[in-house]
Engineer: 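Structure below; questions to follow.
Atoms within each ligand, like the ligands themselves, are counted from 1 in listed order.
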Amino acid sequence: MRVISEISDLREVRRTWQNSGKVIAFVPTMGNLHQGHLNLVREAKKHADIVVVSIFVNPMQFGPDEDLDAYPKTIENDKRLLEELAVEALFLPQASDIYARGLEQQTFVEVPGISYMICGASRPGHFRGVATIVCKLFNMVQPNLAFFGEKDFQQLQVIKAMVTDLSMNLKVFGVPTAREDDGLAMSSRNQYLIEEERKLAPTLYVKMQSMVNEIIDGRRDFNRLTEEYKIQLAELGFSPDYLEIRNDETLLQPGHEDKGLVLLAAAFLGKTRLIDNIQFSL
Ligand code: PAF
């Protein structure tokens, strides 16, 4: 596996791949890799000749109260995992190269509407940071295909909207959420959970499944249903941030004619914010 830090080196290697007609897949990450990330790589390998993974903890997508410096960094282990999967290249850019003119003056990409709701309402500016870095990384790697986890469902929809709106020449794939044996969605944040919280954490998904089953069985009073489940989650020890049933593409409130829906949830357990979602059809 080539480990590349310089943007110019990446561009040079990329040119040789392109000249030999290779299909290039890209998996952007912030490192601290787990099975969820590795599934993205495995899926990418099915569709492409070359897989490029990036690790960059993007300061622009962290809010002022979110601890960027505490984000777990496990670079040696990450490299080993990617080597085991025979990834062609790991791109490890420096923040000073990515944001060469500083963050204050940085040109940004913002996908309006979808970026402001749900997670975007709880984390103002977050999706601007995500869209900007993903756009920049796409410009550097110039992949044919890009792979993102469905766990960050809203992020995936924001990126798909950006690719459409900016006529970017690549295809975006969503990969199903990887789960622990007890159903908890895999996330770098799970390691912040203390023992008791970790035991309780899978209940979020259990409650979400039960909510979806109620809808499939005919419940349509979505507001009341979400309020009921927020109370249940709070009684269990979660601090629910949101529980929302939305159209699975636009993420708008569903109308009667909408068939493809998604239940999106975010809840704190202690200081750890867990997110999850379930897509379903009526
Ligand atoms: O999902 C993530 O890890 C990040 O939001 C991403 C897409 C790598 C952008 O920094």
Engineer: Can you tell whether the side chains of Glu43 and Lys46 come within less than 4.0 Å, N to carboxylate O?
Structural biologist: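 Answer for the salt bridge query: yes.
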Engineer: Counting only heavy atoms closer than 4.0 Å, does ligand 1 sit against the backbone of Thr29, its side chain, both, or neither?
Structural biologist: backbone
Engineer: Evaluate whether atom CG of Asp67 has more than 12 neighbouring non-hydrogen atoms of other residues, nucleotides or ligands under 6.0 angstrom away.
Structural biologist: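 Correct, the count exceeds 12.
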Engineer: Which of the atoms in ligand 1, numbered in the order shown and given with their element, are less than 4.0 Å from a heavy-atom of Gln155?
Structural biologist: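 Listed by number with element, the hits are 1 (O), 2 (C), 4 (C), 5 (O), 7 (C).
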Engineer: Quick check on contacts: which atoms of ligand 1 are under 4.0 angstrom from a heavy atom of Ile133?
Structural biologist: 9 (C), 10 (O)
Engineer: Give me each pair satisfying ring pair (Phe, Tyr, Trp, His ring centres under 6.0 Å) with a member in residues 151-172, each pair once, sequence neighbours excluded.
Structural biologist: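 Qualifying pairs: none.
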Engineer: Based purely on interatomic distance, does Gln61 place a nitrogen or oxygen under 3.5 Å from a nitrogen or oxygen of ligand 1?
Structural biologist: yes
Engineer: Answer yes or no: are there more than 12 heavy-atom neighbours, outside Glu66 itself, under 6.0 Å from its atom CD?
Structural biologist: yes
